[in-house]
Each structure stands twice: as structure tokens, then as C-alpha cells.
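The sequence lines fix the lettering, A, B, ..., with proteins before strands; numbering per chain opens at 1. No hydrogens, no waters, no symmetry mates; every other heavy atom, side chains included, goes into these values. This is a predicted model, so every value here is computed, not measured.
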There are 4 protein chains.
Amino acid sequence: MLRIAVLGCGRIGRMHAANIAVHPRTRLAAVYDIDPKSARAVATEHDVRAAETAVALFASTDVDAVLVATNTGTHADYIEKSVAAGKPVLCEKPIDLSLDRVNRCAEAVLSKDVPVQIGFNRRFDPGHRAAWRAARAGEIGDLNQVIITSRDPGMPQRSYYQVAGGLFRDMTIHDFDLARFMLGEEPSEVFAIGGRLIDQGMMEALNDYDSAMVIMRTKSGKQCHINNSRTSTYGYDQRVELLGSAGMLISGNRKPHELRRFGAAQSEAAEPYLDFFIERYREAFNAEIDAFVHCIETGDAPEVGFEDGRRALILAEAAMRSAVEGRFVSVSEIG
Amino acid sequence: MLRIAVLGCGRIGRMHAANIAVHPRTRLAAVYDIDPKSARAVATEHDVRAAETAVALFASTDVDAVLVATNTGTHADYIEKSVAAGKPVLCEKPIDLSLDRVNRCAEAVLSKDVPVQIGFNRRFDPGHRAAWRAARAGEIGDLNQVIITSRDPGMPQRSYYQVAGGLFRDMTIHDFDLARFMLGEEPSEVFAIGGRLIDQGMMEALNDYDSAMVIMRTKSGKQCHINNSRTSTYGYDQRVELLGSAGMLISGNRKPHELRRFGAAQSEAAEPYLDFFIERYREAFNAEIDAFVHCIETGDAPEVGFEDGRRALILAEAAMRSAVEGRFVSVSEIG
Amino acid sequence: MLRIAVLGCGRIGRMHAANIAVHPRTRLAAVYDIDPKSARAVATEHDVRAAETAVALFASTDVDAVLVATNTGTHADYIEKSVAAGKPVLCEKPIDLSLDRVNRCAEAVLSKDVPVQIGFNRRFDPGHRAAWRAARAGEIGDLNQVIITSRDPGMPQRSYYQVAGGLFRDMTIHDFDLARFMLGEEPSEVFAIGGRLIDQGMMEALNDYDSAMVIMRTKSGKQCHINNSRTSTYGYDQRVELLGSAGMLISGNRKPHELRRFGAAQSEAAEPYLDFFIERYREAFNAEIDAFVHCIETGDAPEVGFEDGRRALILAEAAMRSAVEGRFVSVSEIG
Amino acid sequence: MLRIAVLGCGRIGRMHAANIAVHPRTRLAAVYDIDPKSARAVATEHDVRAAETAVALFASTDVDAVLVATNTGTHADYIEKSVAAGKPVLCEKPIDLSLDRVNRCAEAVLSKDVPVQIGFNRRFDPGHRAAWRAARAGEIGDLNQVIITSRDPGMPQRSYYQVAGGLFRDMTIHDFDLARFMLGEEPSEVFAIGGRLIDQGMMEALNDYDSAMVIMRTKSGKQCHINNSRTSTYGYDQRVELLGSAGMLISGNRKPHELRRFGAAQSEAAEPYLDFFIERYREAFNAEIDAFVHCIETGDAPEVGFEDGRRALILAEAAMRSAVEGRFVSVSEIG
């Protein structure tokens with residue numbers, strides 16, 4: 001049983017703690033949050049200790065590995081500390097909002113042989129992964145186009161936006177990673193537009209976007225489109241479409257159940273899609289823990305490593321520059 | 001070009017006349033209706049003559065074949081007259097409400113080598129036929145169960161009911177034929193219940209049913225279920241399900257187009273199904289004419305012949321008896 | 001935390017034990033199996049004790065309630081013992097294969113005010129329940145027809161068949177309960193046919209059926225059809241269709257994920273359905289535990305009580321008689 | 001009855017001739033093709049005359065209106081001649097490959113009050129139109145994003161490519177028109193990439209693309225994505241997705257029938273989509289004729305007029321420039 005400490009007891013940290021607690025190959029060792037009350041609540045729920053400092057956890061002999069789900073600004077530090085302590089770390093995305101900081105962190109990570117996994121959960125979604133596997137197995141011939149739809153069900157709080165780093169680094173970053181995963185090649189050019197279509201006032205005040213479209217191209221010419229929206233009334237919209245020379249694969253959305261309604265105004269009407277990431281990606285978050293355990297036990301490289309986190313951030317920065325400059329930005333300009 | 005006369009200018013006769021008029025291998029030769037005004041209207045629309053009597057049509061040298069879409073009570077007579085005149089005939093179902101009359105008609109039909117096709121249009125529906133073809137090709141292994149859902153969108157007029165011969169002979173008869181077609185074997189036993197769930201008053205007054213369920217079994221043990229309703233608010237519901245040892249086939253309903261709606265209360269909501277037989281079975285009615293032309297041109301036996309019409313009526317009578325007596329009625333008791 | 005002991009460590013007992021172990025409001029107190037090795041394996045997995053006798057568990061002060069998942073022949077005894085000990089019991093279906101035994105057990109159950117819940121898990125399936133709730137809320141007007149499709153993915157072992165009590169009491173019994181739940185009325189008449197279409201030899205040897213069709217009618221005239229098969233190559237097929245005067249509801253099957261494949265031979269091809277009850281009814285089994293906890297905590301009657309188990313068995317016996325006698329059997333003849 | 005002459009007896013001309021021949025409010029007056037044999041074949045089929053010259057048709061007193069389905073290079077000339085002769089004209093897209101030529105033609109068209117309709121058939125597709133109508137009716141709140149997928153089932157002949165004017169002006173031009181229709185606003189900026197992913201050799205030789213992605217933005221900020229491919233093995237892929245603040249609408253693909261297959265390897269597998277435009281847009285082509293008749297009879301402006309043809313061409317030219325220059329091209333740069 002791998003003893004994992006969870007740093008960060010917000011929404012996603014609490015979910016990870018609960019998953020680790022019931023996972024057949026892990027044990028929740030301890031939790032930490034900058035707000036001791038939050039930490040204590042989670043500790044009590046799972047009957048584990050709440051550490052007073054993060055540092056204490058890195059030093060603990062009863063902690064084998066660390067899951068970082070704190071604020072983005074602390075990710076790189078915690079990765080470095082965990083690696084320095086020889087403890088494998090699974091860190092939520094993004095690594096940092098600054099590519100410079102990420103690059104410095106990379107040096108620390110590379111200097112040690114300690115697994116660092118980045119929390120790009122979508123790669124582990126059963127549907128997305130089955131699409132990826134089928135494409136890799138040649139089921140659709142040569143992959144030509146990837147189309148990713150990613151829309152959050154509702155706008156986050158203003159306070160969230162203020163620290164999240166903007167749409168491309170906070171939300172699209174998942175899609176950039178998924179695009180790299182599906183394409184099987186690095187995108188070499190990025191075009192993006194950002195829009196303020198949902199809450200123009202707040203988006204202008206924060207210099208952020210609530211809607212976006214992206215086109216990317218790989219060196220071999222493969223094409224990728226991403227579209228994003230901060231709201232979709234019909235549930236969390238998460239689709240991946242792969243077009244190949246011999247067929248197409250679409251990984252679609254999940255519904256809470258399979259009831260269909262028929263009446264004078266409609267037929268085959270289903271429930272709205274699952275509301276958000278905790279429900280939609282439930283299996284994915286568990287499989288992410290499986291993969292973390294696997295890489296630690298086997299010594300294999302993590303399936304989603306530090307460099308994947310860095311690459312996704314580079315694409316996000318390219319998108320930000322493109323959205324301002326209105327041109328196809330070469331990824332080599334960024335990093 | 002096969003010159004076809006249409007007898008009967010009601011809803012279904014008008015549809016047949018229009019189909020024949022534009023079919024690439026047929027020409028509408030003339031029309032007749034007991035109501036001269038109806039006949040003249042259709043004749044004018046297609047620029048053909050309206051015959052004053054049906055008898056005149058059977059004698060006409062410019063009429064190669066006859067389509068009978070008159071009231072049920074006249075079907076057997078017209079089949080006999082057409083056959084006597086040596087003119088192939090496509091007759092709407094049922095042949096007659098009386099099995100005795102059908103049996104007498106059979107003698108006339110058998111005495112001459114003139115094609116008689118019965119209007120069981122559903123066999124020609126592209127989806128149903130593709131299911132049948134796949135099952136015959138062994139795609140689902142041994143066929144074990146057939147399930148037919150057949151629900152009209154809305155209750156007909158009382159006047160229709162009064163002459164239609166009751167649910168089993170008027171509506172279920174289509175399903176009995178489809179069951180025989182799909183099973184590829186004769187049902188040997190029939191159980192049926194009839195209900196008065198939609199308009200109890202009228203159904204009691206007419207000693208008829210508006211809802212029904214049927215179970216049939218063939219000699220080899222294959223099982224078949226039919227369910228019927230005189231109303232379905234969501235459109236004309238016409239489904240066939242074939243369960244085999246190696247898979248399942250479902251031929252489902254058609255929508256007018258493929259728009260799907262998504263919102264806070266639902267996802268993937270489609271339009272109600274096509275409203276009724278003229279829309280739903282449009283391709284089937286045309287393919288029925290194709291088949292009629294084909295059997296005349298080639299001398300092949302009609303795909304749906306007189307004996308099919310007789311067999312379906314026998315099943316309807318067995319169902320009627322079962323609904324009254326509450327037992328599994330052997331088909332051999334009837335005919 | 002309700003401390004529940006699990007009796008029976010076969011496939012379904014192990015599943016219940018695991019569910020109880022991680023359920024937020026229950027704790028696995030102990031396990032028992034007639035085979036001590038099986039019991040020890042489950043006990044070790046969850047770090048609880050394996051009782052040496054069932055009787056010991058009913059007497060234990062650290063056991064608040066009991067879940068019975070042993071062989072059918074022991075169900076009635078264990079229910080009686082549990083009730084005598086004042087311990088609420090959740091018992092797998094059927095209560096017993098003999099209606100007499102069930103009736104005697106009923107007296108014991110009624111004499112005490114201890115909750116007895118029967119394991120008709122399907123009522124708790126989110127899709128089936130949403131259909132039921134919508135129907136109860138009047139969304140489809142008056143309910144007229146209920147159609148239940150229930151097909152196991154693969155044939156059980158011969159040893160299972162020998163003790164299971166036959167298709168109607170072992171498998172269809174779930175559908176009889178679901179029919180009662182959906183109809184909201186007692187069926188008053190039952191017609192059934194059983195077939196030997198999958199493994200004729202074994203079925204004849206065991207005097208059992210592997211395929212069945214049922215029609216039932218309630219006093220008010222509502223109609224219900226059930227079809228069963230012991231195999232369906234495409235996964236566990238579990239559908240419920242409710243036809244009402246104002247619409248239709250269909251609760252359909254679940255897939256492991258939402259990948260769709262498109263190619264030269266097909267479009268929109270999904271994965272086969274979830275393989276069997278543990279996957280398909282995962283949420284249902286958890287909700288069943290919720291309901292059990294709820295009735296104990298609140299004193300409310302169990303949602304699926306002893307009488308529901310008895311009623312379903314009566315319908316199964318009526319079906320057995322009908323399959324032999326070929327007639328619509330009145331439920332009042334049975335019990 | 002409007003007497004329409006068809007110019008051009010290639011695949012699409014023949015289809016139009018057949019539609020006009022059976023349309024209840026039109027009559028096929030005559031046909032013309034540069035290849036007299038093609039013209040005679042169609043003339044014989046519909047029992048009409050084959051004109052020896054196009055000019056003769058414009059002068060004919062028994063021709064009320066003209067449908068132009070000749071090679072693109074002749075469209076503008078024929079529009080001008082038809083308008084000069086006072087005959088309403090329905091012309092296939094594009095008006096011309098040269099924007100200058102189109103602008104000159106516009107002067108001729110504007111100088112006369114004769115209806116000119118451009119053959120953007122997709123606006124008349126029942127599904128696309130229902131989506132448009134629902135969006136206009138406010139069903140999805142404010143429209144934010146439009147996503148158009150448009151993939152031909154198979155690569156045309158090299159000879160077709162050589163005269164077609166390139167992917168953006170030949171194929172995407174339909175999507176540019178559909179985008180304008182759905183957005184309800186003019187796109188003001190266009191970004192596009194073209195790829196050679198299917199037949200690199202031929203595409204390079206012809207300086208053309210076989211795959212493309214486009215992003216457009218309107219002045220008010222609405223976002224639009226188009227993706228194109230010259231092949232899709234699973235049928236003609238024609239989808240439109242509209243995302244609004246209150247919901248989403250998707251107009252999807254049509255299948256030849258509604259058979260679904262279930263087996264050990266898959267469930268719910270449907271037929272490949274309808275093969276190409278003649279099948280997929282059958283209703284649309286008929287509704288296009290309806291609209292043409294309507295504008296002539298009522299004096300209303302055509303639903304898809306000359307300016308729509310010119311605007312779509314401007315977007316195609318902007319896309320061509322963008323694909324070369326790698327930047328967001330302002331539509332005002334083009335025309």
C-alpha cells in the first residue's frame with residue numbers, strides 16, 4: 001500500500017483524498033492545507049492526521065508519495081521539495097503560470113530520478129483512451145484531424161479567475177495536453193482567438209476570455225481544432241473527434257443514466273450531461289492514481305510527465321500570443 | 001412502362017396513384033372511385049381519365065395491371081375480376097374480413113396464373129428489409145425472438161373503425177405479416193389480449209380494442225411478441241427487434257431530420273418521429289411498386305402473395321379467438 | 001455507522017461486502033460463508049472477522065443488521081432468525097422457491113416490527129427509477145403498457161441451474177418485481193411461454209427454459225410484456241419501456257464509455273453494453289444499501305419489503321403454470 | 001407551372017432536371033449542354049427538347065426561368081444573359097472564381113429587377129434549417145459559436161480539381177455561406193490552414209489542399225470554426241453545431257435507414273451515412289426549387305441572392321490568403 005499525502009484540501013484535493021482512501025493499492029497518509037480548518041475537516045473525514053506544514057509532510061517517514069492540489073503558485077515549489085525528499089509526486093496542472101519558473105523546476109526534476117506526474121486526467125478517461133488506443137492500433141488509418149470540444153458547465157467565481165492565469169493556461173491547457181496525446185506529434189504552430197461572449201464586463205476587467213477557438217498544426221501537417229466555452233447549460237461538454245484516412249472516432253459525453261423521453265414535442269430526449277469534472281472524469285481520476293502507483297512500483301516513466309506539463313504550457317503561451325497578435329505563432333518562438 | 005389503374009381514391013389510393021405517376025417504370029392509366037368526384041379530382045391532378053365503373057377498367061386494353069385500394073369489402077371481388085381479366089393485381093390488405101370469402105377467392109386466384117400481390121408494405125421498408133437480410137445472412141446466428149412494436153400516431157375516425165374489422169384484422173395484420181416474414185417460419189400458436197385503454201367508451205360500443213399484446217410461437221419454438229396501440233403522441237412507432245444466438249438487430253423509427261437539442265433540462269432531444277405511414281413508409285410504398293413491376297416482368301411469384309394475405313388473416317382470427325378465450329390458440333384450429 | 005454482517009461470500013455476497021465496506025453510513029461488521037475459506041478470504045480483504053456460524057452473527061452485539069446472500073434454500077431461515085434477533089435484514093431474491101415456505105416465513109416477519117428488505121436491486125437503478133418517477137409525476141399521462149427486456153449476457157453453469165429454481169423464479173422474478181413497481185398495480189393475470197432455444201439438451205434435462213415471453217394484465221387493464229433470454233452476446237440487456245397516453249419513457253442500457261466508431265461498414269458503433277449485473281447495476285446496489293440504512297434509521301417501511309418478494313414469487317408460479325397449461329392464469333389461483 | 005430550362009447536363013444538372021420535372025409547380029421546358037449527346041440523353045429521358053445553343057434558350061418564349069448548372073467559367077455570362085432576357089435564374093455556386101468578374105456581374109444584376117438565386121442548397125436542408133429557425137427564435141439564447149463539419153465521401157477526379165478553383169472556392173464556399181446564414185452576421189476576419197493529407201502528390205501538383213480548418217470571427221465577436229476533408233470513409237459528413245448562452249443545437253447526418261446492429265464487438269452500430277449530396281440533400285434541392293418558384297411568384301427577394309454568392313467568395317479568397325500568409329485576414333482587405 002502506497003502511503004500518499006494530499007496537499008491542498010479544496011474541491012479537487014478533497015476528491016483526490018477520497019479516491020486515495022478507498023483505492024485498493026493506496027492509503028491516505030496525511031493531508032495539509034494552508035487553511036488548517038479545511039485540512040482538519042478532511043483529516044477527520046478519513047481518520048488521518050492533518051499536517052501543520054507542508055514541509056513536515058515531505059520529511060515524514062510514513063509518507064511514500066505526495067499529491068499536490070494546492071494553488072498553482074505553489075506547485076513548482078512543492079514539486080521541487082518532493083523530488084528533493086525523494087518522494088514521487090503527482091501534481092495538478094498547471095505546473096506554474098510562468099514558463100521560466102517551469103523551466104527552472106525542470107532542472108530540479110531532471111537532476112533526480114524521482115517520478116513526477118502531472119494531473120492531466122483526461123488522458124485516463126475510458127472513452128478518450130479507447131479512442132486513442134483505436135487510433136494507435138491503426139483502426140482509422142492515418143490520423144488527419146483532431147477536434148476537441150471542451151466547455152465548462154458554469155462560470156467559476158471571480159476570485160478563481162483572478163489567480164487562474166487566464167483561459168488558455170487554466171482551461172485550454174487540458175485540451176492542449178489532450179491534443180498532444182491524440183496527435184502523437186508535437187504541434188508546431190498555434191492560432192487562437194479569445195472572446196468575451198458570456199460575461200464581457202468581468203472578462204474585460206480581468207483581461208481574460210470566456211470563449212476561445214484554436215487551430216494547431218503539427219510538422220507533418222496534422223490539423224487540430226479546439227473550442228472552449230466557460231458555460232454550457234446542458235452539462236460538462238467534453239468531446240474528442242479523430243478523423244483518419246480510414247474512419248472516424250468520437251469520444252462523447254456521459255449522462256447520469258440512460259432514460260429517454262418521447263412526447264408530442266420531441267423524441268429520444270436524454271438527461272443533460274454529467275455536471276462537471278468530478279462526475280464526468282470519476283473513472284479517469286481513479287485511473288490516474290492507478291498510473292501513479294504503477295510508475296512508482298515498476299520504475300516506468302510516468303505516463304504524463306513533467307515535460308508534458310511544460311509542453312502544454314508552451315502551447316498555452318503560444319495561444320495567448322496568437323490571440324493578441326492575430327497570427328499563426330510558431331511554438332519554437334515560445335520555448 | 002406498365003400501365004396501372006388505381007381503384008379507390010381515398011388517402012392511400014391517392015398516394016399510390018401519385019407514386020405510380022412518377023415511378024420510372026409505370027404509368028398511371030386511369031383511376032376509379034365509388035365517389036365520381038374523388039375519382040375526377042385525382043384524374044385531373046395526374047391528367048388521366050376517371051373510369052365510370054370498375055368493371056370498365058378490368059376490360060380496358062390500355063390497362064396492364066390494377067392496384068386495389070378500395071374498401072375492404074370489395075377487395076376479393078376486384079381480385080377475382082382482375083385475375084379473370086388476366087390483369088395482375090396489387091391489393092391493399094386485408095383481402096377480406098371473412099376467412100371463408102378469402103378461401104373462395106383463393107380458388108379463383110389459384111386457377112389462373114396471374115400475379116396477385118398483397119399490400120404488406122412494411123416488408124419493403126429499407127430498415128426492416130436490411131434487418132431481414134442480415135438475419136437471413138446469418139449475422140445474428142439462430143433467430144430466437146422477434147419483437148414488433150407498432151403504434152399508430154392517432155385514433156382514426158369512428159366511421160373507420162366501424163368497417164375496419166377490429167384491431168387485429170385492421171392494424172395487427174401488418175404485424176402478423178411482418179412477424180411471418182422475419183421469423184421465416186409459420187407461427188403455430190397465438191396468444192393475445194386486447195385492451196380499451198384510450199377510448200373505452202367507443203371501444204366498448206364497437207366491441208373493439210385500442211391496445212393489444214400478442215405472443216406467438218412457431219413449431220421450432222421461436223418466440224414472437226407484438227404490441228399495438230392506437231395512439232402514440234411521439235409519432236408513428238414502428239420497430240422490429242430480432243434476437244439471435246449471435247447478436248441483435250433493431251430496425252427503428254425515422255425522424256423528419258437529424259436536429260438534436262441540448263439545454264438545461266435535456267440533451268440530444270430529437271424531433272418526434274415521422275407522423276404516419278405515408279411519410280414513414282414512403283420508400284416502402286415505392287419499393288412495393290418496384291416489386292409488383294418486377295414480378296410481372298419476370299414471371300417470378302410476387303414477394304408478398306395471396307397466401308401471405310390469407311395467412312396473416314388466419315393469425316388475426318386466432319388472436320381474436322385468444323383474446324376472448326384467454327388461451328394459446330393453435331393456428332390449425334382456424335384454417 | 002450501521003454495522004452490517006454479510007452472510008454468503010459468493011459473487012454477489014463479495015460485492016455487497018465491498019459496497020458496505022466503503023459506504024459512508026455503513027461498516028462491514030463480519031462475514032460468514034458455509035465454506036470457511038471463502039469467508040476468510042473476504043474477511044481478510046476487508047480486515048473484519050469471519051464468523052464460524054451464521055447463528056453466532058445473529059447473536060453478536062457488534063452486528064446491527066444482516067445482509068443475506070447465501071443459497072436460496074437458506075434465505076427464509078436466516079430471515080426468521082434475523083427478525084427473531086431483532087436485526088434488520090436485507091435478503092437477496094427469491095425468498096424461497098416454495099410459496100408455502102414463504103407464507104410461513106411471512107407470519108414470522110409480520111409478528112415482529114423488524115425491517116425486512118428484499119434485494120430487488122433494479123428498482124434502484126438511476127435510469128429505471130427516473131422512468132418510474134417521471135411516470136408517477138404524470139409526464140406520460142395514463143400508463144398503458146410496460147415492456148421489459150431482460151437478457152443475461154451468458155449462460156450460467158449447470159450447477160447453478162440445478163438449484164436456481166428455473167428461469168421464472170430465478171431470473172424473471174426480477175422482471176416481475178420491476179413490472180409491479182412500474183405498473184403501480186398488481187397484475188391479475190399471467191400468460192407465459194418458455195423455450196429451449198440456446199441449450200436444448202441441458203434445458204430438457206433440467207426441465208427448465210432458457211428463453212421466455214410473458215404477458216400480464218392488471219385489473220384496470222394495463223398491459224405488460226416481459227421477454228427473457230439467458231444469452232445476449234452484446235452485453236447485459238436491461239430495458240424498460242413505459243407507454244402512456246401522453247408519451248413514452250425508455251430506460252436503456254449502459255456502455256462502459258461513450259466511444260463511437262465510424263468507417264466504411266458502419267457509423268456510430270458503440271461498445272457492447274456493460275457485461276453483467278455488478279457493472280450494470282453498480283449504482284443500484286449502492287442505492288439499495290442507502291435505502292436499507294434509511295428504513296432502519298427512520299423507521300419507514302422498506303421500499304422493497306417482504307410482501308414484494310412474495311408477490312413476485314406468486315407471479316413466477318403463475319408463469320410456470322401458464323407455460324405448462326397454455327392459458328391466461330389468474331394470479332388469484334396461486335396465492 | 002413555371003417552365004424552367006436547365007443549362008448543363010452533368011451530374012448536378014441531371015438531378016435538377018429530374019427534380020424540376022416532377023415538382024408540382026414547375027415543368028422542365030428544355031435542356032442544354034455543351035456536349036449535345038449529354039443534352040439529348042436528358043431531353044429524351046424527360047421528353048423535352050434539347051436546345052442547340054444556350055442563347056436560344058434565353059430567347060425562348062416557352063422558357064420562364066433558367067437553372068444554370070454548367071461549368072463555373074460560364075456562370076457569370078449566363079447570369080448576365082438570363083437577366084438581360086428578363087428571365088429569373090438559379091445558378092449553381094460559385095458565381096465565378098474571380099471576384100472582379102463577380103463584381104462586374106453584380107452591376108448587370110443590380111441594373112435589372114430580375115431574381116437571381118445562388119445554389120447554396122444547404123440552407124434548405126430540413127435539419128440545418130430547423131437549427132437556424134430554433135436559434136433565430138431564441139431557443140439557445142445568444143449565439144456564441146458555430147461549428148461546421150463538412151467532409152466529402154471521396155476524392156473527385158483530377159480533371160474536376162483542375163477547374164474547380166481549389167478547396168476554399170469549390171467546397172468550403174458552401175460552408176462559408178452556411179456560416180453566414182447561421183451566424184446572422186458577417187464574419188469580419190478569417191484564419192485558415194490548408195493541408196495535403198490525403199493525396200499529397202496531386203495536391204502539390206495542383207497547388208490545392210484536400211484538408212482544411214478555418215476560424216472566423218464576426219464584428220460582435222461570435223466565433224466560427226469550419227473543418228473540411230475531401231474524404232470520409234463513413235459517408236458524406238455534414239454537421240452544424242450552434243452553441244448559445246442557453247443551449248446547443250446540432251444538425252447531424254442522415255442514414256439510409258435506421259437499422260442498428262448489436263454483437264460481441266459492438267452495439268448500436270448504424271449504416272454509414274448517406275453517400276453524397278444528391279442523397280443527403282435531396283429534400284434541400286427540392287426546397288431550393290420551391291424557394292425559387294416562391295420568389296418569382298411573389299416578387300420577394302430570393303432567399304439566397306447574388307450578394308450571398310459574392311460574400312461567400314470573398315470569404316473563400318480571405319481563407320486562401322490566410323492559408324498562405326498565416327494570419328487573421330480582415331475581410332475588408334478582400335472586398
Side-chain angles (χ1 to χ4, degrees), chain B residues 1 18-19 21-24 45-47 124-135 137-141 238-271 273-274 279-284 287, chain D residues 1 18-19 21-24 45-47 124-135 137-141 238-271 273-274 279-284 287:
Chain B
M1 300 285 271
N19 288 348
V22 303
H23 192 284
E45 190 185 338
H46 296 292
D47 199 16
F124 298 101
D125 176 68
H128 296 353
R129 179 147 296 232
W132 173 83
R133 201 179 297 119
E139 212 178 280
I140 56 168
Q238 295 284 300
R239 286 174 274 159
V240 180
E241 176 178 329
L242 307 180
L243 176 69
S245 58
M248 178 172 63
L249 298 159
I250 296 181
S251 174
N253 290 301
R254 295 287 278 179
K255 297 177 283 280
H257 52 69
E258 297 300 325
L259 180 63
R260 298 273 176 172
R261 294 168 147 95
F262 303 72
Q266 64 189 21
S267 72
E268 304 177 8
E271 294 292 289
Y273 295 131
L274 287 175
E279 296 80 30
R280 170 66 174 84
Y281 286 120
R282 193 175 47 78
E283 294 100 334
Chain D
M1 300 285 271
N19 288 348
V22 302
H23 192 284
E45 191 184 337
H46 296 291
D47 199 17
F124 298 101
D125 176 68
H128 296 353
R129 179 147 296 231
W132 172 82
R133 202 179 297 117
E139 211 178 280
I140 55 166
Q238 296 282 299
R239 286 174 275 160
V240 180
E241 176 178 328
L242 307 180
L243 176 70
S245 58
M248 177 169 67
L249 298 160
I250 296 182
S251 174
N253 290 301
R254 294 288 276 180
K255 295 176 284 279
H257 52 71
E258 297 300 323
L259 180 64
R260 298 272 176 172
R261 294 169 148 94
F262 303 71
Q266 65 190 17
S267 71
E268 303 177 10
E271 293 293 286
Y273 295 132
L274 288 175
E279 296 80 29
R280 170 65 174 84
Y281 285 120
R282 193 176 47 78
E283 294 100 334

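Using a 4.5 Å cut-off between heavy atoms, D/Pro256 touches chain B through its backbone atoms (N, CA, C, O) alone. Proximity to chain B involves both the backbone and the side chain of D/Ala131, based on heavy atoms less than 4.5 angstrom apart. For chain B, no part of D/Asp125 is nearby; none of its heavy atoms comes within less than 4.5 Å. Heavy atoms closer than 4.5 Å to chain B are found in the side chain of D/Glu139, but not in its backbone.
Between B/His257 and D/Arg254, the shortest heavy-atom distance links the atoms CA-NH1, 3.4 Å. The minimum heavy-atom distance between B/Glu258 and D/Asn253, with the atom names listed, is CG-O, 3.1 Å.
Interface summary for chain B: among D/Ala21, D/Gly141, D/Gly263, D/Ala130, the most heavy-atom pairs under 4.5 angstrom belong to D/Ala130.
D/His128 contributes atom NE2, which lies 10.5 Å from atom CG of B/Leu259 (distance to the nearest 0.5 angstrom).
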